[in-house]
Amino acid sequence: MRILCLTLLLCMFTPTPAAAGESAAPAPLPESHHDLARVLTDYLSRVELCLRNCTDAASTAAAIPQLRGLAAEARMLEQRQQQLPEPTVQDYMASQELALKFLPLWKAIRAHIERLERDGLMTDQLRNLLQNGPQ
């Protein structure tokens with residue numbers, strides 16, 4: 001589980017924009033590996049929504065500051081993950097239910113990235129953000 005969470009944070013960090021007029025408040029830091037898996041699943045859901053909303057050059061450009069701004073959330077989650085003790089068998093079992101949500105989200109994110117490339121919307125700046133993750 002520790003490797004999975006760290007891989008998720010390093011590979012994908014993009015958050016979704018808040019609704020108009022709504023500020024994005026960071027979620028409380030997870031207290032357990034199960035909480036971390038839940039937060040990461042929610043995070044990937046927001047990543048998918050953000051990428052889904054990149055439908056033209058303007059919306060893709062508008063997403064860049066949002067992606068940068070919430071990259072700090074990924075750094076905090078990564079740091080918190082490193083502070084948690086090694087996961088137990090019980091932690092692993094409790095997190096398995098979230099794997100059913102994780103895989104479809106991951107596939108959708110990959111499909112959005114491929115769509116952005118195919119449609120010519122993948123700018124160098126966006127590519128750098130997606131390849132390099134939190135900085």
Only one of E97, M93, Q96 clears side-chain contact (heavy atoms from CB on, under 4.5 Å) with H34; which?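 Running side-chain contact (heavy atoms from CB on, under 4.5 Å) over E97, M93, Q96 with H34 returns exactly one hit, E97.
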
Got a second to check how far [X]'s [atom1] is from [Y]'s [atom2], nearest 0.5 Å?
| X | Y | atom1 | atom2 | answer |
| --- | --- | --- | --- | --- |
| M122 | E117 | CE | CD | 4.5 Å |
| L40 | E78 | CG | CD | 10.5 Å |
| K101 | R38 | NZ | CZ | 10.0 Å |
| L121 | T60 | CG | OG1 | 4.5 Å |

**Prompt:** F102 and L98: same hydrophobic cluster, using ILVMFWY side-chain contacts below 4.5 Å?
**Reply:** no

Original post:
L103 and L44: same hydrophobic cluster, using ILVMFWY side-chain contacts below 4.5 Å?
Top reply: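 Yes; L44 is reachable from L103 via cluster members.
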
Student check: side-chain heavy atoms of [X] and [Y] closer than 4.5 Å:
| X | Y | answer |
| --- | --- | --- |
| P30 | R80 | yes |
| S59 | N53 | no |
| R110 | I113 | no |
| L84 | S32 | no |

Practice item. Quick one: do V39 and D42 satisfy side chain to side chain contact (heavy atoms under 4.5 Å, CB included)? Show the steps, please. Key: CA-CA 5 Å; V39 169; D42 176 67; 5.7 Å; no

Looking at E114 and R118, is there a salt bridge between them, counting it only when a charged N and a carboxylate O are closer than 4.0 Å?
no

Mark yes when over 12 heavy atoms from residues, nucleotides or ligands other than D124 sit less than 6.0 Å from its CG; otherwise mark no.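 Not more than 12 within 6.0 Å, no.
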
